[in-house]
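Here's the structure we're looking at; comments come further down.
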Amino acid sequence: MIDTLIWLVALPLASALATQLLPRYATAIVISTAIATSINAAALLYAVATHGVMLYQIGGWTAGLGIALRADGLSALLLMMAAIVLLASSIYASAYFNDNPLRRRFWPLWLLLWCSLNALLLSGDLFNLYVTLELLGLSAVALASLGGKTAALQAALRYLLVGLLGSMLFLAGVTLIYAGYGTLDLATLSRVVAAGPIAWSALALMTVGLLLKTALFPLHFWLPPAHGSAPAPVSAVLSALVVKATFYLVMRLWLDIFSEVVTPQAASIPGVLGAAAVLWGSWQALRAERLKLLAAYSTVAQLGYLFLFFPLLQALPAGAARDAAMGGLVILALTHGLAKSGLFLAIGIIQQRSGHDTIRDLDGTAQRLPATTFAIALSGIALIGLPPSGAFLGKWHLLAAAFSAGQWLWVVVIMIGTLLAAAYTFRVLGHAFGQQPYPRHPVTIAAEEWPALILSAFATIGLGLAGAPVWQLLKVSL
Amino acid sequence: MLTAHWLYGLSGCLIMTFGLRAVLLNDSLLQRIIALNVMGTGVFMILITIAYRGPDAAPDPIPHALVLTGIVVAVSATALALTLIRRLTEEQDND
């Protein structure tokens with residue numbers, strides 16, 4: 001049972017090497033690895049739900065010198081979301097890159113990204129987190145640069161520099177932690193951390209580094225060009241998973257390890273920045289001329305919602321209300337991951353079929369690609385937060401937390417953000433419908449349209465109607 | 001009292017700050033990448049200073065292991081950055 005932990009990291013890594021050595025069988029290797037890793041993630045989720053926290057010490061070395069992998073409810077949920085997104089995107093990519101020589105360079109990096117993402121979610125100490133952050137960042141940059149045009153390369157370079165600066169600040173914070181407390185183990189740290197200059201400056205350094213990588217307003221400047229110029233499956237994974245991985249770390253630090261150190265004033269900083277991100281990101285998404293930029297700015301806005309939870313969770317005392325809000329935060333993050341990857345995959349289909357993604361010239365897309373347009377509509381429902389999507393549950397708990405903490409101002413931000421999200425979704429759909437007759441079969445390109453549809457449907461219907469286990473699983477924590 | 005321990009630690013902090021300043025304020029890509037490496041050297045120097053446990057005791061091995069890993073990461077990241085810069089200049093020459 002415990003072995004699922006090591007296989008979640010080892011299998012994508014071994015397969016990444018295999019695709020490099022045997023490029024002819026790469027697609028078969030990737031798809032079978034994707035299926036096996038998804039089953040593994042589901043097994044881990046089940047194991048955490050039934051047995052509690054899972055721990056694996058590589059080579060039998062104990063914490064300190066050795067590398068320990070551990071999974072609690074939060075990391076198991078994110079691993080499962082990543083597996084669903086990556087499985088669907090792998091199937092999509094096998095059709096998207098057909099005969100393309102890019103494919104040869106794409107698959108090894110793709111699996112390496114999966115490997116480092118899983119390793120990051122399973123790491124239990126700060127230094128391994130630094131290493132996995134770097135691995136994730138490097139493979140993400142290499143994937144983003146695959147477009148190969150000047151704009152894509154420029155965006156990838158800026159992404160790389162921002163990522164390196166972020167990790168360097170994170171490492172400086174880690175250094176302070178080791179100097180102050182003599183340990184890097186997260187579980188030990190959460191017991192020994194005390195309010196004081198060391199904890200504050202270490203938390204500040206690590207947080208600035210991570211927020212740079214999470215693209216929280218005003219540190220989001222690099223995200224729209226990087227996510228907007230990458231190939232579609234890469235954009236999907238960057239927006240859905242890579243920024244979530246660093247967000248997961250911020251969450252662990254602020255809400256778990258340093259929760260005693262964080263003051264109400266400090267917690268209001270991510271809240272205010274999040275509110276600015278919601279308003280600015282949604283407004284830019286509404287004004288975007290290209291679909292991909294719309295989706296990228298919508299990511300900036302949706303990340304903002306996640307940070308609105310910080311001041312509320314800080315204000316609420318431990319208990320039922322705080323647990324409910326915590327579940328709302330996680331389900332909002334999960335829904336956004338599934339919906340945004342579905343949206344980017346659908347945009348990729350439109351871009352490949354019509355040669356552009358200009359919103360004004362979408363006329364008739366609903367008739368030419370009905371299933372793709374439906375996927376965009378479904379993911380739009382999740383981005384707005386209409387019922388029955390998971391985001392509806394998330395926003396409901398966000399509002400409930402704002403009411404019970406007596407912090408009314410956030411409610412206004414949530415309302416405006418939701419209205420703007422509805423406006424940018426309906427703007428796309430409005431342009432997509434034309435006068436032509438509908439085709440007989442709605443799904444025209446099965447390998448690309450089904451993954452997009454399934455991801456969006458999962459976000460809108462799956463998580464909304466079957467979201468209750470999320471709250472159960474979050475009770476299992478380190 | 002300024003012992004050697006403090007001298008190394010404070011120099012590390014200074015080098016890190018210089019690197020950070022250059023990353024933020026420079027326009028040239030190449031200079032920014034070098035500045036990131038300088039910043040990294042500062043952080044590594046602080047880590048090595050932390051490992052010191054007095055003249056008689058052996059140094060703490062963990063920060064040393066961290067520095068070694070950090071150097072490997074920094075070298076690979078620099079290599080990727082340089083490759084990207086070269087491809088970018090090639091693309092711009094073609095245009």
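Note that these values count all heavy atoms, side chains included, but never hydrogens, waters or copies made by symmetry. Each chain gets a letter, A, B and so on, in the order the sequences are listed, and its residues count up from 1.
A distance of 7.0 Å separates OG1 of T78(B) from CG of L164(A), quoted to the nearest 0.5 Å. Atom CG of L161(A) is separated from atom CG of N26(B) by 11.0 Å, given to the nearest 0.5 angstrom. In this structure, CE in M16(B) is found 6.5 Å from CG in L169(A), a value given to the nearest 0.5 Å.
Top candidate by heavy-atom pairs under 4.5 Å with chain A, chosen from T49(B), L66(B), V73(B), is L66(B). Highest contact tally toward chain A, considering only L29(B), L36(B), L24(B), is held by L36(B) [criterion: heavy-atom pairs under 4.5 Å].
Considering all non-hydrogen atoms of both residues, S76(B) and L138(A) come closest at CB-CD1, 4.4 Å. The two residues F127(A) and G70(B) have their closest heavy-atom pair at CZ-N, 4.3 Å. Shown here for E91(B) and K149(A), the closest heavy-atom pair between the two residues is OE1-CA, 4.4 Å. Among all heavy-atom pairs drawn from A77(B) and L160(A), the shortest one is O-CD2, 4.2 Å.
Heavy-atom proximity under 4.5 angstrom to chain A picks out M39(B), G40(B), V43(B), F44(B), I46(B) from residues 39-46 of chain B.
Proximity of T69(B) to Y130(A): side-chain heavy atoms (C-beta onward) are nowhere separated by under 4.5 Å. Residues L84(B) and V141(A) form a side-chain contact, since some pair of their non-hydrogen atoms from C-beta on lies under 4.5 Å apart. Side-chain contact between Q92(B) and Q154(A) is present, with at least one heavy-atom pair separated by less than 4.5 Å.
Neither the backbone nor the side chain of N94(B) comes within less than 4.5 Å of any heavy atom in chain A. At a 4.5 Å heavy-atom cutoff, the contact between L184(A) and chain B is made by side-chain atoms alone. In this structure, the portion of I50(B) lying under 4.5 Å from any heavy atom of chain A is its side chain and not its backbone.
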request  = Apply side chain to side chain contact (heavy atoms under 4.5 Å, CB included) to L165(A) and L20(B), showing your working.
outcome  = CA-CA 8 Å; L165(A) 181 60; L20(B) 179 63; 3.6 Å; yes
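Other residues, nucleotides and ligands contribute more than 12 heavy atoms inside 6.0 Å of the OH atom of Y181(A).
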